[in-house]
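Structure, as structure tokens:
Each residue takes its place number in the sequence, starting with 1.
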Amino acid sequence: MAATAALHPPASSSLRVPATRRKLENDQYRHRSQSLHTTDAKAFSVHAPGEAEYSEYIAAWLRPGALTNLDNKVVYIMDVHLGKVHWLAHKRYSEFRSIRQTLLKHFSKRANCCRICRASLKVLQATAFPPKKPFYAASVDLARRTHMLAGFVKTIVGLLQVLRQHALLMLSRSGCDVTPLLRLVEEFVGLDFSRYTTFLAERGVLTSRDTPTSPRRR
């Protein structure tokens, strides 16, 4: 089942790539395999690459509350789901702040020449983000910070979906290359090649060449 509409920025629905564009879908799978920086793709065979589009199946949210690790540092836990694949991503406040600053910087540079980046910039700017604790403050309101970071996580997932569609649209033409930003967001939520191929296997799209497979149901 696709990710819920609440995780999509308003502009994302108009950026979906039509399923009938088979050549683009084939390019999409090759592009995806290469982008995850792996040589293990030869161990698998792919069926119907168009079904491999992961961005419609990813969702994430922040767990309530925060934890203190062994170094006495506050960490926040993201629940991430890719279809039936599930994992946890542990993040410090500084990591949230860093990815936000990087996205703001790059979207700002592209806003004048790319309407998708301009729309993404507006979405990011409109999302409330907790300020850094002043050096003179004795403590921080963790409940308020967690609440704001939870909203930021929803925006990040929506931006991942938009960046993915943006990258697909640019496969067959020259223009705004957002691939580095897409990789940055994927790494932030913990999406790697192993989790991606597990998702493909769960979808029945990717199978090991060493394992006999039964005919696919139609």
**Message:** Taking Trp87 as the starting point, is it possible to reach Val185 by hopping between hydrophobic residues whose side chains are less than 4.5 Å apart?
**Reply:** yes

**Hydrophobic cluster identity match, Val157 and Tyr57, side-chain contacts under 4.5 Å** = yes

**Request:** Not counting sequence neighbours, which residues clear side chain to side chain contact (heavy atoms under 4.5 Å, CB included) with Ala111? List them please.
**Result:** Arg118, Leu121

**Item:** CA sep, side-chain torsions, deciding dist, call: Glu186, Arg164, salt bridge (Lys or Arg N to Asp or Glu O under 4.0 Å)
**Value:** CA-CA 10 Å; Glu186 288 175 340; Arg164 173 62 174 162; 5.8 Å; no

**Prompt:** Going through the checks in order, is the side-chain contact (heavy atoms from CB on, under 4.5 Å) test met by Leu149 and Lys91?
**Reply:** CA-CA 11 Å; Leu149 289 178; Lys91 298 293 177 182; over 6 Å; no

**Asked** What residue pairs, at least two apart or across chains, pass ring-ring contact (aromatic ring centres under 6.0 Å, His included) with a residue in residues 143-164?
**Response**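 Every ring-ring contact (aromatic ring centres under 6.0 Å, His included) pair that includes a residue of residues 143-164, provided the two are not neighbours, is Phe129-Phe152.
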
**Prompt:** Looking just at side-chain N and O atoms, do Thr179 and Asp177 make a donor-acceptor pair shorter than 3.5 Å?
**Reply:**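 Note: Thr179 and Asp177 side chains meet the donor-acceptor criterion.
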
Starting at [atom1] of [X], measure out to [atom2] of [Y] and round the result to the nearest 0.5 Å.
{"X": "Leu103", "Y": "Leu184", "atom1": "CG", "atom2": "CG", "answer": "6.0 Å"}
{"X": "Leu124", "Y": "Leu104", "atom1": "CG", "atom2": "CG", "answer": "4.0 Å"}
{"X": "Ile156", "Y": "Phe188", "atom1": "CD1", "atom2": "CZ", "answer": "6.0 Å"}
{"X": "Thr127", "Y": "Leu159", "atom1": "OG1", "atom2": "CG", "answer": "7.5 Å"}

**Asked** What salt bridge (Lys or Arg N to Asp or Glu O under 4.0 Å) pairs are there with at least one residue in residues 81-90, not counting sequence neighbours?
**Response**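 Non-adjacent pairs meeting salt bridge (Lys or Arg N to Asp or Glu O under 4.0 Å): zero.
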
**Asked** What pairs meet the salt bridge (Lys or Arg N to Asp or Glu O under 4.0 Å) rule with one or both residues in residues 140-152, with sequence neighbours excluded?
**Response**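 Every pair satisfying salt bridge (Lys or Arg N to Asp or Glu O under 4.0 Å) with a residue in residues 140-152: there are none.
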
**Message:** Between Ile58 and Phe199, is there a side-chain heavy-atom distance shorter than 4.5 Å?
**Reply:** no

**Item:** Heavy-atom donor-acceptor pair, Arg195 side chain to Gly190 backbone, under 3.5 Å
**Value:**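 Looks like yes, one N/O pair under 3.5 Å.
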
**Request:** Look at the side chain of Glu53 and the backbone N and O of Ser55, then say whether any donor-acceptor pair between them is shorter than 3.5 Å.
**Result:** yes

**Request:** Would you please test His106 and Gln101 for side-chain contact (heavy atoms from CB on, under 4.5 Å) and show each step?
**Result:** CA-CA 9 Å; His106 285 273; Gln101 290 178 324; over 6 Å; no

So which heavy atom on [X] is nearest to which on [Y], and how close?
{"X": "Val178", "Y": "Cys117", "value": "CG1-SG, 4.0 Å"}
{"X": "Ala150", "Y": "Leu62", "value": "N-CD2, 3.7 Å"}
{"X": "Leu160", "Y": "Tyr54", "value": "CD2-CE1, 3.6 Å"}
{"X": "Met78", "Y": "Val189", "value": "CE-CA, 4.1 Å"}
{"X": "Val162", "Y": "Ser120", "value": "CG1-OG, 3.8 Å"}
{"X": "Ala66", "Y": "Thr146", "value": "CB-OG1, 4.5 Å"}

**side-chain contact (heavy atoms from CB on, under 4.5 Å) assessment of Leu168 paired with Gln165** = CA-CA 5 Å; Leu168 291 177; Gln165 297 300 324; 4.0 Å; yes

**Item:** Leu88: hydrophobic cluster co-members (side-chain, 4.5 Å)
**Value:**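 Members besides Leu88, by chain and number: Leu67, Val75, Ile77.
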
**Item:** With sequence neighbours excluded, residues passing salt bridge (charged side-chain N to carboxylate O under 4.0 Å, His left out) with Asp79
**Value:** Arg63

**Request:** Would you please name every residue forming a salt bridge (charged side-chain N to carboxylate O under 4.0 Å, His left out) with Glu202, sequence neighbours left out?
**Result:** none

Show me the side-chain donor-acceptor pairs of residues 92-99 shorter than 3.5 Å, one per line, residues at least two apart or across chains.
residue, atom, partner, partner atom, Å
Arg92, NE, Val74, O, 3.1
Tyr93, OH, Pro130, O, 2.7
Tyr93, OH, Pro131, O, 3.3
Tyr93, OH, Lys132, N, 3.0
Glu95, OE1, Arg92, N, 2.7

**Message:** Holding to ring-ring contact (aromatic ring centres under 6.0 Å, His included), I want the full list of residues that pass it with His81, two or more places apart in sequence or in another chain.
**Reply:**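 Per chain and number, His81 pairs via ring-ring contact (aromatic ring centres under 6.0 Å, His included) with Trp61, His86.
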
**Message:** Which residues pass the side chain to side chain donor-acceptor pair (under 3.5 Å) test with Thr198, not counting sequence neighbours?
**Reply:**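 Not a single residue meets the side chain to side chain donor-acceptor pair (under 3.5 Å) criterion with Thr198.
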
**Item:** Working for side-chain contact (heavy atoms from CB on, under 4.5 Å), residues Lys105 and Lys109
**Value:** CA-CA 6 Å; Lys105 177 182 177 181; Lys109 288 181 178 179; 3.6 Å; yes

